[in-house]
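Read through the structure below, which is laid out as structure tokens, and then see the notes.
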Amino acid sequence: VVALRRACERCPSSRQPLHARPLNRPVMVLRPLLFLGAIGVAGAEVVRIPVQKTVSLREAAAQALGRARLSSDPGDAVPISDYQNAQFYGPIKIGGQRFQVIFDTGSANVWVPGKACPFKTCFLHHRYDKTKSLSWEEDGRKYEVQYGSGPVEGIFSKDTVTVGTVDVKHQPFAEVSKVSFGPLNIAFAAGKFDGLLGLGFKSISEYNIPTPFEAMIEQKLIDEPVFAFYLQSDASKQGELVFGGIDTSHFTGELVDVALTSETYWEVSLDAMKLGDTPVVSSPAHAIIDSGTSLLAGPKQQVDALAKQVGATSLMGKEYIVNCSLKPSLPELSVTLGGQQFMLAADDYVLEVSGQCLFAFTGIDVPPPRGPLWIMGDIFMRKYYCIFDYGNRRMRIAPSAPAPPAQEGDVLIV
């Protein structure tokens, strides 16, 4: 069972792109053996690591949405968005060296700063040093991601990547030597996270490299080929990412299954979306369940129309502000994914922050063949417990359960 947080990355030739984004804060770990029986975790080999947000939604709304182009060769450029929102991150070790990484279902490589990363860029970050590892292996392949605010470059090495108590041996990862996110990337500049661990499919990874999660499955390190996010509406409370099983105390009601439509991102069909009785999406589309995006996102024209329906006004042409007095009268938003209907109330899609109300949608246009694309970010994942079922190529979703108060003696700070 593992709880954590996330950042940015890149795809290889003929692969799909990822979203770039960053940030998080101290992590707390629940004692696995003592606590597992009490909370009803399915599966024996599970590791748990909790996480919290570091950037408020108010700050997230105030930050600009940067757009980048990600390409693996001159003939294969795909637009991506660089979301400057709160992400889920947590601790891992590489070669016994500790890092804070963002856990990203929208990408599939691992990168951390290497020793070659210059002081002016990485002085607040942990840097990987191969001379301090007894398990380092040379790889040498080039790693390069181009964001709108600058490149991320480095070389691949191999080492043991430790997530919780699970050691993934011979895992390729990138030692980054150049990180140029620019002024928008407050989280990296402030040292809130060191790197990224992708949780998408290897089909979108550089060189088709399996993710650490896929390697856990192949190396038989976990009982079940699943992981699950449990997020909290209260940013002061920790969430969890569980590998190798599910925690039955984290959801209520019955789990429903939503088949994947693509083994790239965790992509499903978006059959319909309605605000009250008014259609927002009436023809089949696609959506991804994305742990790395704080808000909800969709094609700009449709999001603009949806914002108009709720009386929202644009902030800097990107985020939307709603008059808080309108909130009690706003209807529910229904989203149908893979034939299953999920409801979001006004309290879910309108966020009250520091006396203002933020409409929790942002517009992004992803062109064909990948788009149009909707993104079910943390707003959706806080309302619904999301199980990423790799073995059966499906999402399993149920309403999230309220978080129980932490018991003294059951929490270990790491």
Side-chain angles (χ1 to χ4, degrees), residues 1-4 30 32 35-51 88 103 105-106 199-201 213-214 216-217 222-233 237-263 265-274 286-293 296 332-345 347-349 374-404:
V1 188
V2 189
L4 319 138
L30 302 177
F35 213 59
L36 293 188
I39 58 178
V41 173
E45 291 299 324
V46 284
V47 185
R48 169 168 313 183
I49 309 170
V51 294
F88 293 99
F103 286 76
T105 59
L199 289 171
F201 288 81
F213 173 65
E214 290 172 313
M216 288 179 194
I217 297 169
I222 53 178
D223 272 6
E224 299 180 50
V226 302
F227 63 90
F229 279 92
Y230 177 56
L231 310 186
Q232 294 297 306
S233 296
K237 295 181 180 179
Q238 64 189 24
E240 281 193 333
L241 167 58
V242 176
F243 288 109
I246 63 173
D247 187 332
T248 57
S249 73
H250 283 169
F251 64 91
T252 63
E254 297 295 322
L255 290 165
V256 296
D257 296 342
V258 179
L260 298 184
T261 58
S262 171
E263 294 178 22
Y265 309 110
W266 290 86
E267 182 178 311
V268 298
S269 66
L270 174 60
D271 307 323
M273 184 185 295
K274 292 194 300 182
H286 295 277
I288 61 174
I289 314 300
D290 188 356
S291 64
T293 299
L296 303 166
E332 285 190 309
L333 180 74
S334 68
V335 180
T336 304
L337 303 174
Q340 303 288 349
Q341 187 179 63
F342 303 94
M343 306 300 295
L344 295 174
D347 282 340
D348 302 314
Y349 66 78
W374 291 80
I375 299 174
M376 301 291 108
D378 296 353
I379 298 297
F380 181 84
M381 294 178 66
R382 285 200 297 269
K383 177 88 170 188
Y384 294 100
Y385 182 64
C386 293
I387 300 168
F388 296 75
D389 187 347
Y390 185 92
N392 293 298
R393 300 301 194 265
R394 64 184 178 181
M395 295 295 306
R396 309 198 74 198
I397 303 172
S400 289

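Here the structure is a predicted model, which means the values were calculated and not measured.
- Arg393 CZ to Thr261 OG1: the interatomic distance, rounded to the nearest 0.5 Å, is 13.0 Å.
- Distance OH/Tyr384 to CG/Leu337: 9.5 Å, rounded to 0.5 Å.
- By the 30° and 60° cut-offs, the orientation of the rings of Phe227 relative to Phe388 is parallel.
- Listed by chain and residue number, nothing satisfies the ring pair (Phe, Tyr, Trp, His ring centres under 6.0 Å) test with Trp374 (two or more places apart in sequence, or in another chain).
- Partners of Asp347 under the side-chain contact (heavy atoms from CB on, under 4.5 Å) rule, at least two apart in sequence or in another chain, are Lys327.
- For the atom pair Phe213 CZ and Ile222 CD1, the distance stands at 4.5 Å (nearest 0.5 Å).
- Distance check: Phe380 CZ to Ile397 CD1 gives 4.5 Å after rounding to the nearest 0.5 Å.
- Under the 4.5 Å side-chain criterion, counting only non-hydrogen atoms from C-beta, His286 is not in contact with Leu270.
- Residues Ile289 and Thr105 come closest through the heavy atom pair O-OG1, 3.2 Å.
- Residues Leu255 and Ala398 share a closest heavy-atom pair of CD2-CB, 3.5 Å.
- Using a distance-only test at 3.5 Å, with no hydrogens or angles considered, a donor-acceptor pair links the side chain of Asp271 to the main chain of Gly339.
- Closest heavy-atom contact between Ala401 and Ser249: CB-O, 3.4 Å.
- Shortest non-hydrogen contact noted between Met343 and Glu332 is CE-OE1, 3.3 Å.
- How far CZ of Arg382 is from CG of Asp348: 8.5 Å, rounded to the nearest 0.5 Å.
- When all heavy atoms of Leu260 and Arg394 are compared, the closest pair comes out as CG-N, 3.7 Å.
- With sequence neighbours left out, Phe251 forms a ring pair (Phe, Tyr, Trp, His ring centres under 6.0 Å) with Tyr385.
- Between Tyr390 and Phe201, the distance separating the two ring centers is shorter than 6.0 angstrom.
- In this structure, Trp266 contributes its side chain and Leu199 its backbone to a donor-acceptor pair below 3.5 Å.
- In terms of heavy-atom proximity, Gln341 sits nearest to Ser334 at NE2-CB, 3.8 Å.
- Distance check: Leu344 CG to Leu296 CG gives 6.5 Å after rounding to the nearest 0.5 Å.
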